[in-house]
Amino acid sequence: MALKFKLIEREMKIGKKAGHKLFFAQQVTQGRISFDKLCNIIAESSTVSSADVKAVIDRLAHVFGQFLTEGFIIDCGELGSFRPTLGSQGVEKEEEFKTHKHLRKPRIRYLAPRSFNALTLAGFQRIDKNPNKPDGNGTAPLPPSPGGSVPPPPAQGGEESGEGI
């Protein structure tokens, strides 16, 4: 399976290339796998029902919320870990720091484990605006990185948002 991308042109606003137009790769996703579909796929390859999978994931979300708001890092084994993060604006003097004013909204950071190599196995496939280009720059997959194979997810529409699986 290949990660698909297209080239988009952007004008640089800062730096040495300010005012120049450069091309950048932008991922083209294959759609979104719904929660119900995910639960059904997990259930089909296990000994539990889809309802059981949903119940466990629902409870997991509740527990995650509890521990993350308390500042814990959650280790999910082969799935990776989740940690709360926060940032702030800087102030010149410690007494000037106001929590409500200078702290940024906390976020959750996902860290994939080194053993989680699904994306390292993926090749790349360029999607051109005009796939019938005579110069051969159409949709040509690059060979995947060395490793095993990962079963492809079910095909969805050609949604081009930043939303993934």
Side-chain angles (χ1 to χ4, degrees), residues 1-43 46 48 50-127 144-145 147 150 152-154 156-165:
M1 198 59 166
L3 293 175
K4 296 180 180 173
F5 70 95
K6 63 183 177 181
L7 293 180
I8 59 164
E9 186 177 31
R10 291 187 183 151
E11 183 176 343
M12 301 303 296
K13 303 289 183 189
I14 60 173
K16 292 180 182 180
K17 305 241 178 184
H20 291 91
K21 292 184 178 182
L22 301 177
F23 287 89
F24 293 89
Q26 182 179 53
Q27 183 179 356
V28 177
T29 64
Q30 300 306 298
R32 177 183 287 260
I33 303 297
S34 72
F35 180 68
D36 287 339
K37 186 165 192 93
L38 179 66
C39 290
N40 287 333
I41 292 169
I42 293 170
S46 69
V48 295
S50 177
D52 292 334
V53 173
K54 289 176 187 175
V56 169
I57 294 175
D58 179 63
R59 189 68 190 151
L60 183 66
H62 174 78
V63 171
F64 268 37
Q66 178 184 346
F67 285 128
L68 290 169
T69 58
E70 293 174 11
F72 286 95
I73 297 171
I74 302 171
D75 183 350
C76 295
E78 293 180 27
L79 184 59
S81 64
F82 297 81
R83 70 182 317 142
T85 63
L86 60 83
S88 71
Q89 295 176 339
V91 295
E92 291 185 18
K93 297 180 183 173
E94 185 176 352
E95 58 272 5
E96 293 176 353
F97 190 86
K98 304 292 183 215
T99 303
H100 67 281
K101 181 177 180 182
H102 297 107
L103 274 182
R104 293 189 188 111
K105 180 180 172 183
R107 298 179 182 266
I108 299 169
R109 181 170 180 198
Y110 168 68
L111 299 166
R114 292 182 196 267
S115 62
F116 190 72
N117 62 3
L119 287 179
T120 62
L121 299 175
F124 298 95
Q125 182 179 10
R126 180 173 166 184
I127 308 296
S145 304
V150 176
Q156 297 285 320
E159 184 178 316
E160 294 185 13
S161 71
E163 299 168 348
I165 293 176

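All values derive from a computational prediction rather than experimental measurement. Positions are given from 1, in the same order as the sequence printed here.
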- Going through the distances and angles, do F82 and R109 end up as a side chain to side chain contact (heavy atoms under 4.5 Å, CB included)? CA-CA 6 Å; F82 297 81; R109 181 170 180 198; over 6 Å; no
- Note on the structure: Of all heavy-atom pairs linking F35 and K54, the shortest is CE2-CG, 3.8 Å
- Message: Using a 6.0 Å cut-off, check whether atom CD of E78 has over 12 heavy atoms from anything other than its own residue.
- Response: no
- Dump the intermediate steps for side chain to side chain contact (heavy atoms under 4.5 Å, CB included) on Y110 and C76, then the final yes or no. CA-CA 10 Å; Y110 168 68; C76 295; over 6 Å; no
- Item | L7 atom CG, over 12 foreign heavy atoms within 6.0 Å | yes
- Query: Just how far is it from atom NE2 of H20 to atom CD of E11, taken to the nearest 0.5 Å?
  - Reply: 10.0 Å
- Of the non-hydrogen atoms in I73 and S81, which two are nearest, and what is the gap between them? CG2-CB, 4.3 Å
- Item | Approximate separation, where rounding is to 0.5 Å, of R59 CZ and F64 CZ | 12.5 Å
- Message: Can you tell me how far apart CD1 (I108) and CZ (R83) are? Round to the nearest 0.5 Å.
- Response: 12.5 Å
- Task: Would you check, one step at a time, whether the test side chain to side chain contact (heavy atoms under 4.5 Å, CB included) holds for F5 with L3?
- Result: CA-CA 7 Å; F5 70 95; L3 293 175; over 6 Å; no
- Item | L86 side, atom CG; K105 side, atom NZ - distance, nearest 0.5 Å | 13.5 Å
- Item | Gap between atom CG of L38 and atom CZ of R32 - 0.5 Å precision | 12.0 Å
- Between S50 and C39, what is the shortest heavy-atom contact and its length? OG-CB, 3.7 Å
- Task: Over all heavy atoms of both residues, which pair between G80 and P113 is shortest? Give the atoms and the distance, please.
- Result: CA-CD, 3.3 Å
- Task: Taking all non-hydrogen atoms of both residues into account, name the closest pair between K6 and I127 and its distance.
- Result: CB-O, 3.4 Å
- CD1 of I42 to CD1 of I57, rounded to nearest 0.5 Å, is 4.5 Å
- Which atoms form the tightest heavy-atom contact between Q125 and K4, and what is the distance? OE1-CE, 3.0 Å
